[in-house]
Novice: 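Have a look at the structure that comes next, please.
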There are 2 protein chains.
Amino acid sequence: MSVEPNYFQQYQHADIDELADAIGELLQNPITVEDADHKLIAYSSHGDSTDQARWSTIMGRRVPEKVLTRLWKDGVFQELLTQDDPVHIPAKDEVGLGKRVAIAIRRGSDVLGYIWAQEVNRPITREDDEILRQAARVAVPRLMQRQGKRKAEEQRRKEFLWELLLGNHKSESAIRQKADSLQMQLPTSYLICVIEAAGARLDQYLYPLLMRDKLLWVVDGSQIILLIGLNEDGKKDVREVLIRKVEQFLADSLGKLEAHVTEGRQVIAGYGLGYSTYLEIVKSYREALHALKIKKLFPKENEGIYGYHELGIYRYLLQLKQWEEEQGYKNERLEKLRQYDRDNQTALMETLETFLDAAGKVNVTAQRLHIHINTLSYRLRRIEEIMRVDLENMNQRAALYLELKMAKLDQEQ
Amino acid sequence: MSVEPNYFQQYQHADIDELADAIGELLQNPITVEDADHKLIAYSSHGDSTDQARWSTIMGRRVPEKVLTRLWKDGVFQELLTQDDPVHIPAKDEVGLGKRVAIAIRRGSDVLGYIWAQEVNRPITREDDEILRQAARVAVPRLMQRQGKRKAEEQRRKEFLWELLLGNHKSESAIRQKADSLQMQLPTSYLICVIEAAGARLDQYLYPLLMRDKLLWVVDGSQIILLIGLNEDGKKDVREVLIRKVEQFLADSLGKLEAHVTEGRQVIAGYGLGYSTYLEIVKSYREALHALKIKKLFPKENEGIYGYHELGIYRYLLQLKQWEEEQGYKNERLEKLRQYDRDNQTALMETLETFLDAAGKVNVTAQRLHIHINTLSYRLRRIEEIMRVDLENMNQRAALYLELKMAKLDQEQ
DNA sequence: CTTCTTTTTGTGAAAATTCACAAACAGACT
DNA sequence: AGTCTGTTTGTGAATTTTCACAAAAAGAAG
């Protein structure tokens with residue numbers, strides 16, 4: 001293996017624009033340098049032939065939204081954010097983007113910006129990768145200064161989010177003012193989503209997602225807390241559709257995440273209701289945490305469910321349980337059935353739970369239990385006798401359902 | 001109408017035994033005088049021919065339990081307690097009771113005791129009634145002295161019960177001691193039952209019941225609070241059977257009471273769980289009151305239900321409602337359905353409630369609503385669309401059921 | 001081993017549920 | 001008046017549930 005030359009030795013202390021020109025000379029192609037927020041930082045002056053995307057970027061001092069969206073969609077940024085090597089990108093004519101190569105400028109796990117090299121004068125091959133790698137390294141100190149400010153601001157924003165989550169602010173207008181002073185534009189509507197992973201570094205894992213949607217987020221131990229905006233354009237219907245869209249999106253990506261990361265460790269997520277005033281962020285946060293807690297306690301029962309409002313009776317369960325304990329209420333019916341099961345080595349409790357879970361449908365229940373329908377019918381009659389309940393009565397059935405799930409709380413945990 | 005003679009003019013200040021003899025002389029039959037607790041107070045010395053019942057009463061200084069039970073069963077005491085006239089009682093040979101006439105000795109609404117006149121030497125006719133009426137009046141002062149003591153004791157017992165109900169005692173042994181000092185034998189197990197009637201004088205109405213079972217009771221405004229004993233003879237099974245018996249009895253008599261007294265005013269009743277230690281009497285009382293409260297709020301839903309343990313989900317409802325309010329949770333689903341009903345003049349809410357109440361049975365629901373089954377099926381599909389719920393899912397169904405009943409709380413009240 | 005109780009499975013007929021499809025009706029809007 | 005939408009009712013067939021009755025299997029108790 002040959003020793004690679006040090007392409008940018010004389011540019012260690014050069015201006016960032018000079019660096020762009022130098023890369024452009026080496027690759028014989030137009031170069032653009034952006035920060036992590038895709039704001040233009042420098043560009044090579046040499047190139048005369050360029051594409052629509054680069055032209056718009058330079059004129060607007062930022063990469064057009066349309067282009068960014070497309071690149072996120074195609075997974076280009078996901079690649080850039082997770083690897084050190086340059087990424088070769090085919091042309092995307094619909095958004096006026098010619099063929100090019102890009103590399104992330106990174107320091108540790110932080111991405112400070114990107115270098116883009118367009119392919120117009122000559123193709124950029126794998127041999128050129130080292131040039132870009134070195135260029136990315138050399139660009140780091142230059143971007144650090146900018147990043148420093150951004151980081152500090154980011155930090156202050158995160159602190160502000162914590163204040164909001166903990167309910168430290170007492171007036172909506174004060175919140176708006178502080179948000180303005182931090183140059184944050186709070187979404188008109190929002191919800192809080194909390195994701196928890198036992199050992200994984202979630203923020204790293206979620207980086208593409210966080211960057212793409214410019215989400216406001218903070219980390220708390222093994223949890224990451226996201227503020228997700230629901231910007232309503234106008235009518236109420238729109239807002240509802242939007243919420244549902246976000247819910248859909250969350251359910252999708254959280255589902256994927258769960259499936260993806262489950263290499264030994266567990267990922268759980270939950271989100272609260274959507275609100276419009278930021279005094280209520282405390283509620284959304286509390287709701288998200290509650291959903292998370294319930295999902296930990298009843299993983300199977302709440303598979304595919306993330307929203308607090310979707311929890312159904314589980315939303316009440318902990319509260320009810322606590323209340324029962326305070327009152328010192330002892331539920332004899334369930335205990336009697338459990339005792340019967342122990343004495344006779346039967347499975348009436350399981351039968352009852354399956355039956356209730358199946359909303360009283362006998363064939364479903366029998367199938368799930370792998371028993372004959374008449375066996376089920378016999379068992380149900382037996383259960384009614386032993387517990388003295390009427391399973392046809394909705395009040396009793398619902399109460400039993402609640403009691404059963406409550407009982408599982410101290411049984412399994 | 002002829003003026004009745006004053007039969008007992010010279011006995012106004014005579015001894016109670018002399019009075020018994022005097023009545024015996026007038027009626028030419030054996031006489032027995034008892035207090036309200038059926039303890040023997042006096043008897044005529046004249047008679048030589050007597051029956052088994054009277055003999056046992058005199059020898060035991062109290063009317064045998066067997067005889068009392070029979071007389072309660074046959075409604076004799078109910079008559080005696082509620083009317084001023086003598087009651088003519090046919091012979092009840094099975095308990096060794098010959099034909100006789102009895103009258104209550106009463107002062108105001110209080111029954112102080114009874115005069116019994118056996119019919120052996122000559123029949124006692126309607127003409128003799130006035131003799132017994134006057135005798136009962138003359139006997140009053142004599143019984144008052146005894147009654148005075150009894151009343152004071154009764155008063156102290158009632159005060160003690162109040163102390164128990166309010167949880168003023170901190171140790172079980174202290175409770176037992178005080179009970180002993182008041183010569184009360186507390187049942188080994190018990191439960192608290194509360195009956196409420198708007199305007200009626202319940203204690204008067206329940207007098208026969210209270211007297212018969214020697215229940216401990218206190219009055220609180222329009223409520224009467226009963227301590228009902230569950231004396232278990234031995235095994236656990238027995239206790240359970242006993243509790244069920246008492247429940248049956250309560251349900252029966254309370255049902256009758258409700259049906260009977262509903263001349264404009266409402267009678268409601270509820271009872272708590274059965275306990276064995278008297279520190280827990282507070283719980284049973286609170287439970288009884290809670291059952292009462294729920295029955296007021298949901299009279300139809302809890303018709304024929306009196307026990308706290310039978311309330312099902314209603315047991316949780318108030319607590320949950322309060323929690324929801326504290327959390328500031330707004331239920332949008334139900335509101336949406338209500339709005340739809342308003343906008344389109346439909347009855348989806350009623351349909352949903354009926355469906356849930358019928359435990360998801362379509363034919364029952366359709367019948368109750370007087371609609372075609374397909375209409376119901378259409379409406380249910382509509383409800384699922386509008387509310388975005390899956391009525392087949394037990395969790396959602398139960399949650400909806402709870403929410404619906406909770407919503408009724410602030411809707412109707 | 002027999003007897004008794006409890007549990008499981010089977011059969012068959014009546015009743016209820018589900019589903020697809022269609023006709024009729026009412027109200028709102030053009 | 002015609003159209004559209006939402007609602008109600010009807011029909012019929014496949015499927016499911018309910019109920020009564022009975023036979024078999026398993027385990028405990030004598």
Side-chain angles (χ1 to χ4, degrees), chain A residues 235-237 240-241 333 335-394 396-397 400-401, chain B residues 235-237 240-241 333 335-394 396-397 400-401:
Chain A
K235 304 160 210 167
K236 275 195 177 178
D237 288 352
E240 197 179 312
V241 170
R333 292 191 301 183
E335 196 39 57
K336 210 183 289 177
L337 197 65
R338 221 190 310 272
Q339 189 58 47
Y340 189 91
D341 269 357
R342 269 196 296 269
D343 289 350
N344 303 51
Q345 286 173 311
T346 46
L348 295 187
M349 193 62 107
E350 186 197 2
T351 306
L352 177 61
E353 185 174 5
T354 312
F355 177 73
L356 290 176
D357 280 337
K361 299 204 162 186
V362 268
N363 56 346
V364 176
T365 312
Q367 266 175 14
R368 286 191 195 163
L369 289 171
H370 309 293
I371 57 173
H372 195 276
I373 288 205
N374 286 5
T375 303
L376 175 62
S377 129
Y378 169 75
R379 286 193 191 169
L380 290 177
R381 207 183 326 130
R382 215 71 195 72
I383 291 171
E384 286 185 325
E385 282 167 14
I386 294 169
M387 303 185 76
R388 300 185 181 277
V389 284
D390 175 12
L391 290 174
E392 300 299 288
N393 180 321
M394 181 59 173
Q396 298 196 39
R397 197 190 275 187
L400 213 52
Y401 185 59
Chain B
K235 303 160 209 167
K236 275 196 176 179
D237 287 353
E240 198 179 310
V241 169
R333 292 190 300 183
E335 196 38 58
K336 210 183 287 176
L337 197 65
R338 219 189 313 270
Q339 189 58 47
Y340 189 91
D341 269 355
R342 268 196 295 270
D343 290 350
N344 302 54
Q345 286 171 314
T346 47
L348 295 187
M349 193 62 108
E350 186 197 0
T351 305
L352 177 61
E353 185 174 6
T354 311
F355 177 73
L356 290 177
D357 280 338
K361 299 204 161 186
V362 269
N363 58 344
V364 176
T365 313
Q367 265 175 13
R368 287 192 194 162
L369 289 170
H370 309 292
I371 58 173
H372 194 275
I373 288 206
N374 286 5
T375 304
L376 175 62
S377 128
Y378 170 76
R379 285 192 191 169
L380 291 177
R381 206 184 326 133
R382 216 72 196 70
I383 290 171
E384 287 186 323
E385 284 167 13
I386 295 169
M387 303 185 77
R388 296 180 188 281
V389 283
D390 175 13
L391 289 174
E392 301 299 288
N393 180 320
M394 182 57 174
Q396 297 195 40
R397 197 191 274 187
L400 213 51
Y401 185 59

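Labels below follow one simple rule: chain letters A, B, ... track the order of the sequence lines, proteins then strands, and each chain is numbered from 1.
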Novice: Measure from NE2 on His372(A) to C1' on dA24(D) and round the result to the nearest Å.
Specialist: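 These atoms are roughly 13 Å apart.
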Novice: In a check of side chain to side chain contact (heavy atoms under 4.5 Å, CB included) between Gln396(A) and each of Met387(A), Arg388(A), Glu384(A), Arg333(A), which one passes?
Specialist: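 Of all the options given, the one that passes is Arg333(A).
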Novice: Would you jot down, in residue-number order, the residues of residues 337-358 of chain B having a non-hydrogen atom under 4.0 Å from DNA chain C?
Specialist: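 Residues of residues 337-358 of chain B under 4.0 Å from DNA chain C: none.
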Novice: How does protein contact run along nucleotides 12-20 of chain C, one letter per nucleotide 5' to 3', with B for base contact, S for sugar-phosphate only, - for none, heavy atoms under 4.0 Å?
Specialist: ----SSSBB
Novice: Whole Å only: how far is the CG atom of Leu369(A) from the C1' atom of dT7(C)?
Specialist: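 Answer to the nearest Å: 15 Å.
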Novice: Please state how far atom CZ in Arg382(A) lies from atom P in dT8(C), giving the value in whole angstrom units.
Specialist: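 One finds 10 Å between P of dT8(C) and CZ of Arg382(A), rounded.
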Novice: In this structure, how many angstroms lie between the P atom of dT5(D) and the CZ atom of Arg381(B), rounded?
Specialist: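 Computing the Arg381(B):CZ to dT5(D):P distance gives 16 Å.
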Novice: Are any of Thr375(B)'s side-chain N or O atoms less than 4.0 Å away from OP1 or OP2 of dT9(D)?
Specialist: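 Thr375(B) to dT9(D) OP1/OP2: side-chain N or O found under 4.0 Å.
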Novice: Taking salt bridge (charged side-chain N to carboxylate O under 4.0 Å, His left out) as the definition, give me every residue that meets it alongside Arg338(A), ordered by chain and number, with sequence neighbours left out.
Specialist: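 With neighbours one apart ignored, the set is Glu335(A).
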Novice: Which whole-number value in Å describes the distance from Tyr378(A) OH to dC21(D) C1'?
Specialist: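 Value for this atom pair: 15 Å.
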Novice: Partners of Arg382(B) by side chain to side chain donor-acceptor pair (under 3.5 Å), sequence neighbours excluded?
Specialist: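 Once residues adjacent in sequence are excluded, the partners of Arg382(B) under the side chain to side chain donor-acceptor pair (under 3.5 Å) criterion are Tyr340(B), Glu385(B).
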Novice: Check residues 343-355 of chain B and write down every donor-acceptor pair under 3.5 Å in which the side-chain atom is one partner and the other belongs to a residue at least two apart or another chain.
Specialist:
{"unit_1": "Asp343(B)", "atom_1": "OD1", "unit_2": "Gln339(B)", "atom_2": "NE2", "d": "3.0"}
{"unit_1": "Thr346(B)", "atom_1": "OG1", "unit_2": "Asp341(B)", "atom_2": "OD1", "d": "2.7"}
{"unit_1": "Thr351(B)", "atom_1": "OG1", "unit_2": "Ala347(B)", "atom_2": "O", "d": "2.7"}
{"unit_1": "Thr351(B)", "atom_1": "OG1", "unit_2": "Arg379(B)", "atom_2": "NH1", "d": "2.9"}
{"unit_1": "Glu353(B)", "atom_1": "OE2", "unit_2": "Lys405(B)", "atom_2": "NZ", "d": "2.9"}
{"unit_1": "Glu353(B)", "atom_1": "OE2", "unit_2": "Lys408(B)", "atom_2": "NZ", "d": "2.9"}
{"unit_1": "Thr354(B)", "atom_1": "OG1", "unit_2": "Glu350(B)", "atom_2": "O", "d": "2.7"}

Novice: List the atom pairs, with distances to 0.1 Å, where a side-chain N or O of residues 359-372 of chain B and a protein N or O form a donor-acceptor pair under 3.5 Å, not counting sequence neighbours.
Specialist:
{"unit_1": "Lys361(B)", "atom_1": "NZ", "unit_2": "Glu392(A)", "atom_2": "OE1", "d": "2.5"}
{"unit_1": "Thr365(B)", "atom_1": "OG1", "unit_2": "Lys361(B)", "atom_2": "O", "d": "2.6"}
{"unit_1": "His372(B)", "atom_1": "ND1", "unit_2": "Asn374(B)", "atom_2": "N", "d": "3.0"}

Novice: Can you measure Leu376(A) atom CG to dT9(C) atom P for me and round it to whole angstrom units?
Specialist: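 Going from CG in Leu376(A) over to P in dT9(C) covers 11 Å.
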Novice: On the nucleotide dT7(C), are OP1 or OP2 found under 4.0 Å from the side-chain N or O atoms that Arg379(A) carries?
Specialist: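 No, outside the criterion.
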